[in-house]
There are 2 protein chains.
Amino acid sequence: MSRDPHSGLQRVILDTARQLLVSEGYAQLSMRKIANKIGYSATSIYLHYGNKDELVHALIDEGVDLLHDELHAAHVGSEKPLEQLHAMFMAYIQFGLGRREYYEIMYVLHPEYITRYPAEKYRKARRNLEMIASAISNGVKGGLLEPNDPMLCANLAWAQLHGVVTLLSSERVDKRIPADTLIHASSDHLIRSLLKNPTLAEV
Amino acid sequence: MSRDPHSGLQRVILDTARQLLVSEGYAQLSMRKIANKIGYSATSIYLHYGNKDELVHALIDEGVDLLHDELHAAHVGSEKPLEQLHAMFMAYIQFGLGRREYYEIMYVLHPEYITRYPAEKYRKARRNLEMIASAISNGVKGGLLEPNDPMLCANLAWAQLHGVVTLLSSERVDKRIPADTLIHASSDHLIRSLLKNPTLAEV
DNA sequence: TCCGTTAACTTAACAGTGTTAACCAGCAAG
DNA sequence: CTTGCTGGTTAACACTGTTAAGTTAACGGA
């Protein structure tokens with residue numbers, strides 16, 4: 001029942017769970033399948049994780065770290081605030097579409113299907129938003145942007161990015177609109193809406 | 001197996017299914033529960049709906065119509081393009097947050113959990129986007145807006161609205177940001193980004 | 001009137017699911 | 001030597017969607 005997967009089975013369970021999650025998706029992720037794959041009985045998983053949700057939470061931890069790394073790389077990859085923002089937006093969408101299964105358990109799955117992700121861990125997830133907010137603040141200091149509330153803007157941007165990711169990922173967008181078009185348009189549109197004077201768009 | 005629920009059980013099944021969907025959510029919607037509630041055996045539902053997905057698709061039909069009505073009301077509620085857009089954005093978000101269960105099966109549920117919504121029915125759902133696109137076109141003709149591709153912009157707006165709805169609905173937004181603030185900011189931000197000259201914001 | 005067909009519905013069952021209770025082997029400590 | 005803990009097991013419960021087979025009643029034609 002301990003949280004960090006250090007010893008023996010705990011690691012093996014988590015690894016095969018992730019493997020199954022990536023290869024077959026969350027809908028196919030079952031305790032018995034994990035157990036079969038590692039040659040144990042299903043119930044022995046409960047000796048290491050209280051229930052399925054706890055296991056999935058551990059996978060969410062991994063996903064949050066992964067996304068954080070990508071965003072951080074994009075953040076430090078450029079000094080210019082606008083490029084920084086663009087890089088981070090792209091990193092987010094790329095993560096959302098590239099690691100769909102992670103993204104699903106992190107941000108799509110209804111709280112009804114899965115126990116609330118523990119509140120204290122949200123701080124880690126919130127760091128990602130704070131990185132975006134700080135990039136916006138940088139732009140404001142540099143005189144390029146002018147939003148009064150960077151954190152609110154970061155949440156707005158998040159909503160836009162999340163919408164793009166989920167609609168594309170679930171193939172609900174009309175095929176006549178290419179994914180790339182929508183993605184780049186949303187990034188441009190986000191940055192333009194933050195700009196002080198939208199006419200000198202030098203993205 | 002006929003599509004339109006006209007006679008007898010078909011109507012009753014659909015009605016109690018909707019009732020259960022609204023009162024307990026999709027996760028709790030099961031064939032046996034529906035059957036129990038109407039005093040039939042679970043298998044008799046299969047005489048009227050091929051499987052659970054077909055039943056849910058019928059519920060989606062209702063949801064699409066409902067949303068369409070709301071959007072249409074907002075569309076004809078005002079002549080001024082900007083007010084029109086604002087009203088439609090608000091109507092969408094209000095629907096998404098007010099009729100959560102409908103919204104979930106319509107736009108959130110992963111295609112992995114539910115069979116693809118029949119392609120021919122998508123046209124109906126697409127009309128909603130076309131209404132937004134037409135409102136944008138109206139604004140362009142009126143000289144207020146200047147997007148080159150209204151349909152792309154409509155999809156961008158959709159993504160933003162969808163993001164706001166799903167993040168708020170799943171309670172993933174930091175409580176320190178009030179829902180209303182985020183909602184109004186996203187509508188404003190959407191409209192501003194479409195404006196020809198963002199300084200004369202007369203929303 | 002009797003036979004055959006069909007429609008509407010049922011029960012039993014299958015193959016899954018998460019989860020719990022009870023049990024059992026091995027091993028270290030008192 | 002016994003006690004108790006660790007790590008695992010099997011059996012079972014209460015669910016899920018779905019299918020196969022069986023029942024019952026009504027109706028049409030000879």
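Chain letters run A, B, ... following the sequence lines, proteins first, then strands; residues in each count from 1.
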Enquirer: Atom CD1 of Ile45(B) to atom C1' of dT16(D): distance rounded to whole Å?
Expert: 13 Å
Enquirer: When the axes are fitted on five pairs at both termini, how much does the helix from dT1(C)-dA30(D) to dG30(C)-dC1(D) curve, in 10° steps?
Expert: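 What I find for the helix from dT1(C)-dA30(D) to dG30(C)-dC1(D) is an axis angle of 30°.
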Enquirer: Please give, in whole Å, the distance from dA7(C) C1' to Gln10(B) CD?
Expert: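 Taking CD of Gln10(B) and C1' of dA7(C), I get 14 Å after rounding.
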Enquirer: Ignoring backbone atoms, establish whether His48(B) has a side-chain N or O less than 4.0 Å from OP1 or OP2 of dA8(C).
Expert: no
Enquirer: Scan side-chain atoms only and decide if Ser170(B) and Arg172(B) contain a donor-acceptor pair under the 3.5 Å cut-off.
Expert: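 Per modelled atom types, Ser170(B) and Arg172(B) side chains form a pair under 3.5 Å.
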Enquirer: From CD of Glu54(B) over to C1' of dT18(D), roughly how many Å is that when rounded to an integer?
Expert: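 Interatomic distance, CD of Glu54(B) to C1' of dT18(D): 13 Å.
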Enquirer: Just by protein heavy atoms under 4.0 Å, how would nucleotides 12-24 of chain C read 5' to 3' in B, S and -?
Expert: BB---BBBB----
Enquirer: Check for a donor-acceptor pair, side chain of Glu101(B) on one end and backbone N or O of Gly25(B) on the other, with a separation under 3.5 Å.
Expert: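 Flag not set: sc Glu101(B) to bb Gly25(B) has no pair under 3.5 Å.
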Enquirer: Starting at CD1 of Ile34(B) and ending at C1' of dG17(D), how long is that distance when rounded to a whole Å?
Expert: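 Rounded to whole Å, this separation is 12 Å.
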Enquirer: Within the distance-only criterion (no hydrogens, no angle test), does the side chain of Thr166(B) pair as donor or acceptor with the backbone N or O of His162(B) below 3.5 angstrom?
Expert: yes
Enquirer: In whole angstrom, what separates Tyr49(B)'s OH from dC9(C)'s P?
Expert: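 My rounded result for the distance is 14 Å.
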Enquirer: Identify whether the distance between the nearest side-chain nitrogen and carboxylate oxygen of Lys124(A) and Asp65(A) falls below 4.0 Å.
Expert: yes
Enquirer: Does Ser44(A) place a side-chain N or O at less than 4.0 Å from the phosphate oxygens OP1/OP2 of dG7(D)?
Expert: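 Looking at the OP1 and OP2 atoms of dG7(D), neither is under 4.0 Å from any side-chain N or O of Ser44(A).
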Enquirer: Would a distance-only check, ignoring hydrogens and angles, find a side-chain to backbone donor-acceptor pair under 3.5 Å from His189(B) to Ala185(B)?
Expert: no
Enquirer: Rounded to whole Å, please give me the gap between CG in Leu9(A) and C1' in dT6(D).
Expert: 12 Å
Enquirer: Quickly work out the Tyr40(A) OH to dT10(D) P distance and round it to whole Å.
Expert: 13 Å
Enquirer: Any idea how Tyr103(B) and Tyr92(B) line up, ring-wise: parallel (<30°), tilted (30 to 60°), or perpendicular (>60°)?
Expert: perpendicular
Enquirer: What's the spacing between Arg127(A) CZ and Leu71(A) CG if we round to 0.5 Å?
Expert: 10.5 Å
Enquirer: In whole angstrom, give the distance that lies between atom CG of Leu47(B) and atom P of dG22(D).
Expert: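 For the pair Leu47(B) CG and dG22(D) P, the rounded distance is 17 Å.
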Enquirer: Output the distance between atom CD1 (Ile93(B)) and atom CG (Leu182(B)), rounded to the nearest 0.5 Å.
Expert: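 CG of Leu182(B) is found 7.5 Å from CD1 of Ile93(B).
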Enquirer: Sub-3.5 Å donor-acceptor pair from the side chain of Ser193(A) to the main-chain atoms of Leu190(A), do we have one?
Expert: yes
